[in-house]
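Remember, it's 1-based here, ligands and their atoms both numbered in the order they're listed.
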Amino acid sequence: MPAYAVIGGQWGDEGKGKVIDYLAGEVDSVVRYAGGNNAGHTVVNEQGEFQLHLVPSGICWPDVDGIIGNGVVVDPDVLLGEMEMLQKRGIDTGKLHISERAHVIMPYHVMLDALEEQARGSGAIGTTGRGIGPAYVDKTGRDGIRVGDLLDWDSLAPKLKTVLERKNQVITKIYEGEALSLDDVKDRCRRWAEQLRPYARPTEQIVQDRLADGKRVLLEGAQGTLLDLDHGSYPYVTSSSPSIGGACTGLGLNPQAIKGVLGVFKAYSTRVGGGPMPSEMDEATAERIREIAQEYGTTTGRARRIGWFDGVAARYSQLVNGFTGLVLTRLDILDGFESVKICVGYRADGQEVSRFPANTSLLSRCEPVYEELPGWDEPTASATKLCQLPASAVTYVRRIEELVGCKVQIVSTGPSRAETIQLSPVFD
Ligand code: IMP
């Protein structure tokens with residue numbers, strides 16, 4: 001059977017956790033391929049509400065295993081804490097597999113993330129401070145420590161000494177921070193090795209075997225396309241590839257194995273951290289949405305910035321990912337607005353900007369061109385059929401389809417599994 005991907009179409013926080021949990025009942029494995037515990041996926045089901053940062057969102061289904069692929073960066077303390085929380089709540093974590101090739105977020109990565117952000121001053125990216133960027137820097141710089149390295153103490157010990165000496169030089173001499181103790185880092189690594197050993201596996205082989213055995217695999221995107229290191233609003237991006245290309249490299253999966261690519265979009269836009277957001281709303285409207293929707297980061301608790309649906313950015317996201325279907329989430333949040341706006345174009349320096357620009361300075365000068373559509377008074381909240389939606393809400397959904405150039409397959413009308421309208425089958 002083929003693999004299907006669920007990818008954030010915007011700046012993350014599109015509600016992928018709910019979508020994955022909803023679809024996971026029909027799959028055998030849910031696989032994370034990028035990012036780390038900068039992600040925060042909320043899952044609400046009969047067992048309650050779960051905030052997941054590293055464990056794949058399908059874990060609550062008894063027959064679904066969770067795989068953390070090589071493209072993910074793993075903070076072992078966070079992962080082990082999350083596993084403990086799940087075990088306490090009766091969720092089996094024995095079906096979790098972690099790639100031996102996944103890189104480890106080390107204590108110096110978390111420290112450097114904070115020091116580097118501080119040094120950026122007014123140009124700060126607004127990182128989540130979880131050590132994600134520095135861990136990926138070490139990965140590409142070939143100084144990283146992988147989950148498999150933790151299990152090979154004889155090779156790891158000398159490497160740790162050399163790497164930590166250099167990191168401490170940077171921490172103390174450039175940033176005037178406090179050096180980390182080698183003994184301390186070694187102790188942590190020993191503990192992590194012991195606890196992670198039963199879960200560390202060749203996940204590329206496991207995923208391929210699952211597919212060869214006729215199992216259905218769901219690829220769980222984290223963050224969103226506009227935060228992609230290559231395709232997002234650089235440098236205000238994360239350090240991995242949330243878009244579909246990241247799924248191939250982050251799992252060791254060939255592209256032919258991927259049958260469907262679902263793009264998840266909120267019915268409006270949100271962003272946390274710095275960087276341009278052309279369709280950002282006036283603060284009063286943003287505050288109204290923020291309060292209704294509780295738009296505060298799952299990972300950091302920061303207030304999210306709010307904008308209208310950005311059709312230019314969404315079209316670009318479609319270009320990069322080749323979505324085969326869309327999921328529109330949080331439609332219910334727009335219930336009761338007299339009118340709703342969609343950004344259908346940008347203008348900058350007196351000219352039309354037809355594409356999502358690569359140049360961040362140009363993107364920050366882009367003014368949105370809006371189309372205003374009638375709002376709806378009747379609630380869409382908890383609807384499970386399209387015919388339950390007010391006509392204006394349907395018009396809104398259809399206009400988004402037109403702008404993105406792809407059909408909406410699922411509309412989410414609330415946080416729980418049941419609050420979902422499925423318009424067409426996602427799987428063959
Ligand atoms: P980092 O990934 O912690 O390095 O943060 C880089 C940028 O990505 C910052 O603007 C973060 O707010 C943003 N970011 C990272 N992860 C998420 C996420 O899961 N949702 C939304 N924004 C995120």
**Study point:** Electrostatic pair E283:R288 at N-O distance under 4.0 angstrom
**Key:** no

Check your understanding: Can the ring centres of W376 and Y396 be said to be less than 6.0 Å apart?
Key -> yes

Check your understanding: To which protein heavy atom is atom 17 (C) of ligand 1 closest, and what is the distance rounded to 0.1 Å?
Key -> Q223 CG, 3.5 Å

Practice item. Tell me, please: is R302 in heavy-atom contact with ligand 1, that is, under 4.0 Å? Key: yes

Check your understanding: Would you say A39 touches ligand 1, if touching means a heavy atom closer than 4.0 Å?
Key -> yes

Exercise for review: May I ask you to decide if L180's main-chain N or O and N168's side chain share a donor-acceptor pair within less than 3.5 Å?
Suggested key: yes

Review point. Using a distance-only test with no angle check, is there a side-chain donor-acceptor pair under 3.5 angstrom linking T162 and R166?
Key: no

Check your understanding: Between the candidates T127, V272, L229, I132, which shows the shortest non-hydrogen contact distance to atom 5 (O) of ligand 1?
Key -> T127

Exercise for review: Please verify whether a non-hydrogen atom of R130 lies at under 4.0 Å from ligand 1.
Suggested key: no

Review point. Closest non-hydrogen protein atom to atom 14 (N) of ligand 1, residue and atom name please, with distance?
Key: L227 CD1, 3.7 Å

Exercise for review: Could you tell me which atoms of ligand 1, counted from 1 in the order shown, lie closer than 4.0 angstrom to a heavy atom of T238?
Suggested key: 1 (P), 2 (O), 6 (C)

Check your understanding: Do D28 and D65 pass the side-chain contact (heavy atoms from CB on, under 4.5 Å) test, and can you show the C-alpha distance, the side-chain angles, and the key distance before you say yes or no?
Key -> CA-CA 7 Å; D28 301 285; D65 56 9; 5.5 Å; no

Exercise for review: With heavy atoms under 4.0 Å as the rule, classify the contact between T299 and ligand 1 as side chain, backbone, both or neither.
Suggested key: neither

Point to revise | Close N or O approach (S239, ligand 1; < 3.5 Å) | key: no

Check your understanding: Is there any N or O on G12 that sits under 3.5 Å from an N or O of ligand 1?
Key -> no

Study note, to complete from the structure: If you scan protein heavy atoms around atom 3 (O) of ligand 1, the nearest is T128 OG1, 2.6 Å

Review point. For G126 and ligand 1, does the shortest N/O to N/O distance drop below 3.5 Å?
Key: yes

Review point. Which atoms of ligand 1 are found less than 4.0 Å from any heavy atom of I125?
Key: 6 (C), 10 (O)

Review point. What do you reckon, does W11 put a non-hydrogen atom under 4.0 Å from ligand 1?
Key: yes

Point to revise | Closest protein heavy atom to atom 20 (N) of ligand 1, given as residue, atom name and distance to 0.1 Å | key: D13 OD1, 3.1 Å

Exercise for review: May I ask you to identify the nearest protein heavy atom to atom 7 (C) of ligand 1, giving residue, atom name and distance to one decimal place in Å?
Suggested key: V237 O, 3.7 Å

